[in-house]
Amino acid sequence: MTYQTITSETKGAVTLITINRPEALNALSTKVLSDLMEAFSVFGDDDTQHCAVITGSGDKAFAAGADIKEMVDKPAADFFLEDFFSGWNKLTASIRKPWIAAVNGFALGGGCELAMMADFIIASENAKFGQPEIKLGVGPGMGGSQRLTLAVGKAKAMDLCLTGRMMDAEEAERAGLVARIVPHDKLMKEAMKAAETIATMPPMAAMVNKEMVEAAFETTLTQGLLHERRLFQILTATEDKAEGMKAFVEKRAANWKGR
Ligand code: CAA
């Protein structure tokens, strides 16, 4: 499969997707969204692929936001009639397997929002996060006001959205936005290593673990705990549960069936 604005390659059981518009700091145009939709659909349908990593090409940016040049002359009615940005929600909802954002530089506006859609973020020490849309006379449109607030709390989300300032990787990790910071030149090695580790796990259990954690953002504690227990109980019916527990008792490596 060839794409105009991204590349997608399989490396063992990991799919590496790279946004490839370095001349525009990997700005997220409508074409980037449709290419990502296709690439993630191929990833989802491929039974040999168990985790994905998304990153930005070049040394400077993960993605510097939605494509401002695409929006500058667009009539307001078109934003509404097209339900502009709604495709990003469809993209996120369609990805059932784990995926990691490897943030190599600027993750601003839609770039920060795309990184937050991933299951977790591994950041280069050069990464910079922000929701600077206010400086353009708008606000976040791909989930930033919600996901950022859930990740870092009201105080810092308000600070970032209202001042448009950037936070560096250290601040983002302290605030809970970033899972790990790694040296810039080790970013892809570390992100791929994390993805390879996930890809060795029983695939259904990985999908269900992702779903369990996601539920924490959607439900009350009581409902979330019930949902978790039911999912746990469902997993006990899998061949991989039988194999995983047997392998532990027999002190040998498990041989996953993926069901
Ligand atoms: N859209 C389109 N093009 C962009 C872009 C964007 N979001 N960000 C950068 N570019 C382009 C620049 O226009 C420039 O192109 P030209 O060479 O053709 O002029 C090229 O990328 C390099 O950018 P700069 O020259 O600006 O690079 P810099 O190092 O001086 O600055 C930066 C880097 C601070 C990231 C700066 O580019 C910047 O502020 N970018 C915009 C950030 C932003 O406002 N993002 C939010 C967008 S709106 C949004 O995302 C809405 C939403 O919620 C979904």
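Note that ligands are numbered from 1 as they come in the structure, with each ligand's atoms numbered from 1 the same way. All values below come from the heavy atoms of this structure, side chains included, with hydrogens, waters and symmetry mates left out. Model, not experiment: these values are computed from the prediction.
- Look at Glu70 and Lys74 and you find no salt bridge, because none of the NZ, NE, NH1 or NH2 atoms lies under 4.0 Å from a carboxylate O.
- Between Ala206 and Pro98, the closest heavy-atom pair is CB-CG, 4.0 Å.
- Here the heavy atom of the protein found nearest to atom 17 (O) of ligand 1 is Glu23 O, 4.5 Å.
- With a 4.0 Å cut-off on non-hydrogen atoms, Lys135 does not touch ligand 1 at all.
- In terms of polar-atom proximity, defined here as any N/O pair under 3.5 Å, Gly110 does make such a contact with ligand 1.
- Shown in contact with Ala27 at under 4.0 Å from a heavy atom are these atoms of ligand 1, numbered in order with element: 1 (N), 2 (C), 6 (C).
- At least one N or O atom of Glu133, backbone or side chain, sits closer than 3.5 Å to an N or O atom of ligand 1.
- Taking atom 26 (O) of ligand 1 as the reference point, the nearest protein heavy-atom neighbour is Leu25 CD1, 5.0 Å.
- Ligand 1 has no nitrogen or oxygen under 3.5 angstrom from a nitrogen or oxygen of Pro132.
- An N or O contact shorter than 3.5 Å links Ile68 to ligand 1 by distance.
- A continuous path of hydrophobic side-chain contacts links Leu36 to Ile121 [ILVMFWY only; heavy atoms under 4.5 Å].
- With respect to atom 2 (C) of ligand 1, the closest heavy atom belonging to the protein is Asp67 OD1, 3.3 Å.
- Distances from atom 36 (C) of ligand 1 to the protein include no heavy-atom value under 4.0 Å.
- Taking each heavy atom of Glu125 and Ala169 in turn, the nearest pair found is O-CB, 4.1 Å.
- Applying the 4.0 Å criterion to heavy atoms of Leu136 picks out, from ligand 1, the atoms 44 (O), 47 (C), 48 (S).
- Rounded to the nearest 0.5 Å, atoms OG1 (Thr10) and CD1 (Ile17) are 11.0 Å apart.
- Closest heavy-atom approach to atom 46 (C) of ligand 1 among the candidates Gly143, Gly139, Gly109: Gly109.
- Atom 24 (P) of ligand 1 is not flagged as protein-proximal [any protein heavy atom, distance under 4.0 Å].
- Residues passing the side chain to side chain contact (heavy atoms under 4.5 Å, CB included) test with Ala27 are Arg21, Ala24, Asp67, sequence neighbours excluded.
- Exactly one of Glu190, Lys186, His184 qualifies for a side chain to side chain donor-acceptor pair (under 3.5 Å) with Ser124. That residue is His184.
- With a 4.0 Å heavy-atom cut-off, ligand 1 is reached by the side chain of Glu113 but not by its N, CA, C or O.
- Of the inter-residue distances, the one linking Ile68 atom CD1 with Ser29 atom OG reads 12.5 Å to the nearest 0.5 angstrom.
- Heavy atoms of Lys60 come nearer than 4.0 angstrom to ligand 1 in at least one pair.
- The heavy atom nearest to atom 4 (C) of ligand 1, considering only Ala24, Pro140, Ala66, is found in Ala24.
- Using a 4.0 Å threshold on non-hydrogen atoms, atom 30 (O) of ligand 1 does not count as touching the protein.
- Some N or O of Gly141 is nearer than 3.5 Å to an N or O of ligand 1, by distance alone.
- Electrostatic pairing of Arg252 and Glu243 counts as a salt bridge here, judged by a charged N lying under 4.0 Å from a carboxylate O.
- Summary of contacts: the protein heavy atom closest to atom 8 (N) of ligand 1 is Ala64 CB, 3.5 Å.
- In this structure, atom 39 (O) of ligand 1 has its sub-4.0 angstrom surroundings free of protein heavy atoms.
- Atom 19 (O) of ligand 1 has its closest protein heavy atom at Lys69 NZ, 4.0 Å.
- In this structure Met212 satisfies the side chain to side chain contact (heavy atoms under 4.5 Å, CB included) test together with Val208, Glu228, Leu231, Phe232, sequence neighbours excluded.
- By the 4.5 Å heavy-atom criterion applied to side chains, Pro140 and Cys161 are counted as neighbours.
- Proximity of Phe129 to Leu160: side-chain heavy atoms (C-beta onward) are nowhere separated by under 4.5 Å.
- Here the two rings, on Trp99 and Phe40, have centers that are under 6.0 Å apart.
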